[in-house]
Amino acid sequence: MSTQHQKVRVRIAPSPTGYLHLGTARTAVYNYLYAKHNHGRFVFRLEDTDEERSNDAYTQDIIKYLKWLGINWDEGPDIGGSYGPYRQTQKEEHYRKLANELVASKKAYFCYATQDELAKLKEDQQNSGLPSRYDNRGRFVSEKQAQEYEAEGRIPCIRLIVEEPRVVSWNDLIKGPISINTQDLGGDPVLVKSSGMAVYNFAVVVDDLDMEITDVIRGEDHIHNTAKQILIYEALGKECPRFAHAALIFDAEKQKLSKRKHGEFVHISKYEKDGYLPQALFNYLTQMSFTMSNGQEIFTQEEAIEAFDLAKVSKSPAIFDLTKLNWFNNHYLRALPANDFENLAKPYLKDLSLDKYEGPKINQMLNLIKDGLNNLSEIKEQLTYFEPKPIDLNQSEIRPILDTDSARKILRLMLENVDKFKNLDSPAAKALIDEIGLSNGFKKNKELYMPIRVALTGRLHGPDLSKIITILSGSGLVQERLENALNLTLQIKS
RNA sequence: GCCCCCAUCGUCUAGAGGCCUAGGACACCUCCCUUUCACGGAGGCGGCAGGGGUUCGAAUCCCCUUGGGGGUACCA
């Protein structure tokens, strides 16, 4: 194949009929890695032939989030390139011209069948238990009949003549050999709609030819399209690129990820908003169906480029596993330099009333919980007890810890010494708690620490107690909460 | 219905006929670290869909069955 001597050129060709989707992103990742691995070019093109559903807001979203993921293209509608235009709607004339040439060379024909006729055909076929397909009737329309249809005002579409039966096959770079009989393709496929716009399968082939695409890497939902497209390449007298079809991404019920069923969970923007790092998502998407030979799972984009190999991409579908994504994201969050983490985390504090804290204390809070985060949107829930609001101590898990003589004693002792905690760093605060406890017969155990933790946070679990006190000190909240807890447990006693 | 693709722990996978008593990761469980949680460390649970072949030998090759998925538009 001559393509083997050419420089690799691949593309991602989304249609702007929805926000950037996990499946599209994964396909983009594969194409990008393949291009970079082979020192080739990566092209971004818009397949906007569906004028009904296309929307510029979707285009902007797709571009934004592909870039967010760290995927950059060498040519595209936004940056241009020497193989443009990169939007199909700008190539309408071009497609039509090529289709007309196919008609002139008797490889295609005008088909005057109406939507109603086709619907009737389909219905009849279904009623008689036959597979529904176009019956190629338009091939045999006489010149005279055609003129009559024209006179009637019918506007034809253009269909490709497909030889049947015949086997179309290719060696898929992911799946291996695939063969499809032309009889199963549904009849002569439309090339140009009666609206004058090229149909997806035709526009794709023309574009891939125009852009000298050497490798087409896409989802396996395109396998039958590939057979049709190979036929179009042939009719055009051109050689095909190589094809690779990746298995789809499923949900936990093994259903294809879809906007309809999964809503915003398939949108990349959802993950950005929830506080997932692009490197985590990129890493997860890459390793989901691809394993490095040494088994390494955490890797940089550079390492992925170096190792990527389509032959090692799994043939079977993978279930999108949020838990595993969380693991990756936790890893990358922890790996972030403190400054970067703080800057990324700040926006997630906006729904918390933390005005009374100074910048350094805010940063301390964030670093307190950094190691346990799956994503940034978990920050809010984990820091609520720093807000100057009352704490609910009557929860069934919490209350019994306060209602003991020993708890009342330590709370009272802490209150007596509360001023001493001001301006202490956390090791000093820890030493002071221990000193207060030990000199009053406590041991360094739950009995000493848990009532304090519960009084201050209303929770059984959380970061280091002395660090919490350090941040809370100076706000007046330590004293207020110790008093509240003590009063509560004294009330119930009397 | 018809066509195509796929089939190893719950999930993602390693495995290209002997290295497999099937390896790793996530999740889960136990223990350690520790005042709690998280992080980290050490263990554990758990799988070749079924049936026929081929072979001295099969998770690996072939066939059938079953299961899952995708496609069957003048959508992309």
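Only a predicted model underlies this, so the values are computations on that prediction, with no experimental measurement involved.
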> Does a side-chain N or O from Lys193(A) land closer than 4.0 Å to OP1 or OP2 of A76(B), or not?
Replying inline: yes

>> Using the side-chain heavy atoms of Asp371(A), tell me which of these nucleotides is nearest: C39(B), G71(B), A76(B).
In response: C39(B)

> Side-chain donor or acceptor of Asn225(A) under 3.5 Å from a matching atom on the base of A76(B)?
Replying inline: yes

>> Any carboxylate oxygen within less than 4.0 angstrom of a Lys/Arg side-chain nitrogen, looking at Glu101(A) and Arg96(A)?
In response: no

> Of the nucleotides C75(B), G71(B), C74(B), which one has an atom closest to the side chain of Leu118(A)?
Replying inline: C74(B)

> What interatomic distance, in whole Å, is found between P of G44(B) and the corresponding atom of A14(B)?
Replying inline: 24 Å

>> Pairing check on A7(B): which nucleotide meets the Watson-Crick or G-U wobble criteria with it, both distances under 3.5 Å?
In response: U66(B)

>> Side chains of Ile223(A) and Ile180(A), heavy atoms from C-beta outward: is any pair under 4.5 Å?
In response: yes

> What interatomic distance, in whole Å, is found between C1' of G40(B) and the corresponding atom of C61(B)?
Replying inline: 45 Å

>> On the nucleotide C3(B), are OP1 or OP2 found under 4.0 Å from the side-chain N or O atoms that Arg133(A) carries?
In response: no

> Taking the P atom of each, how far is C29(B) from C45(B), in whole Å?
Replying inline: 16 Å

> Want to settle it: does Lys175(A) or Arg334(A) sit nearer the 5' end of RNA chain B, counting the closest nucleotide to each?
Replying inline: Lys175(A)

> Do the charged groups of Lys380(A) and Glu378(A) touch, with an N to O distance under 4.0 Å?
Replying inline: no

> Which nucleotide sits closest to the side chain of Lys324(A): C74(B), C3(B), A25(B)?
Replying inline: A25(B)

>> Between Lys254(A) and U11(B), is there a contact of a side-chain N or O with OP1 or OP2 at under 4.0 Å?
In response: yes

>> So for Lys370(A) and A38(B), does any side-chain atom that can act as donor or acceptor lie under 3.5 Å from a complementary atom in the base?
In response: no

> What nucleotide among G70(B), C5(B), U13(B) has an atom nearest to a side-chain atom of Ser314(A)?
Replying inline: U13(B)

> Say you pick atom P in G18(B) and the same atom in U34(B); how far apart are they, in whole Å?
Replying inline: 48 Å

> Rounded to whole angstrom units, what separation is found between the CZ atom of Phe202(A) and the C1' atom of C74(B)?
Replying inline: 14 Å

> How close or far is atom C1' of C28(B) from atom CG of Asn326(A), stated in whole angstroms?
Replying inline: 15 Å

> Between C12(B), C74(B), C4(B), which nucleotide has the shortest distance from any of its atoms to the side chain of Ala318(A)?
Replying inline: C12(B)

>> One thing to verify: whether Arg87(A) and Asp207(A) come together as a salt bridge, which I'm taking to mean a side-chain N less than 4.0 angstrom from a carboxylate O.
In response: no

> Of the nucleotides G70(B), C74(B), A76(B), which has the atom closest to the Arg53(A) side chain?
Replying inline: A76(B)

>> Can you tell me if Arg453(A) touches the phosphate of U35(B), counting only side-chain N or O atoms and a distance under 4.0 Å to OP1 or OP2?
In response: no

>> Is it the case that C74(B) (base atoms only) and Ser195(A) (side chain only) share a donor and an acceptor within less than 3.5 Å, ignoring hydrogens and angles?
In response: no

>> Rounding to an integer number of angstrom, what distance separates A22(B) and U65(B) when you compare their C1' atoms?
In response: 25 Å

>> Rounding to an integer number of Å, can you tell me how far Glu220(A) CD sits from G71(B) P?
In response: 9 Å

>> Give me the distance, rounded to whole Å, that separates G52(B) from U60(B) when you measure between the P atoms they each carry.
In response: 14 Å

> How far, in whole Å, is G47(B) from A7(B) if one measures between their C1' atoms?
Replying inline: 13 Å

>> Partner lookup for G17(B), please. Criteria are Watson-Crick or G-U wobble with both distances under 3.5 angstrom; report none if nothing qualifies.
In response: none

> Do the charged groups of Asp210(A) and Lys91(A) touch, with an N to O distance under 4.0 Å?
Replying inline: yes

> With respect to the side chain of Ser316(A), which nucleotide from C4(B), C74(B), C6(B) is positioned closest?
Replying inline: C6(B)

> Do Ile362(A) and Leu349(A) have side-chain heavy atoms sitting under 4.5 Å apart?
Replying inline: yes

> Are Gln255(A) and G69(B) close enough that a side-chain N or O sits under 4.0 Å from OP1 or OP2?
Replying inline: yes

>> For the C1' atoms, the ones on G46(B) and on A25(B), what distance do you get once it is rounded to whole angstrom?
In response: 14 Å

> RNA chain B: Lys446(A) or Asn181(A), which has the more 5' nearest nucleotide?
Replying inline: Asn181(A)

> Has Thr49(A) got a side-chain N or O lying under 4.0 Å from the OP1 or OP2 atom of A76(B)?
Replying inline: yes

>> Does any part of the side chain of Ile468(A), heavy atoms only, come nearer than 4.5 Å to the side chain of Pro463(A), both counted from C-beta?
In response: yes

> Applying a 3.5 Å limit to both distances, which nucleotide forms a Watson-Crick or G-U wobble pair with C2(B)?
Replying inline: G71(B)

> In the strands shown, is G43(B) matched to any nucleotide by a Watson-Crick or G-U wobble pair with both distances under 3.5 Å, and which?
Replying inline: C29(B)

>> Would His222(A) count as stacking on A76(B) if stacking means ring centres less than 5.5 angstrom apart and planes tilted under 30 degrees?
In response: yes

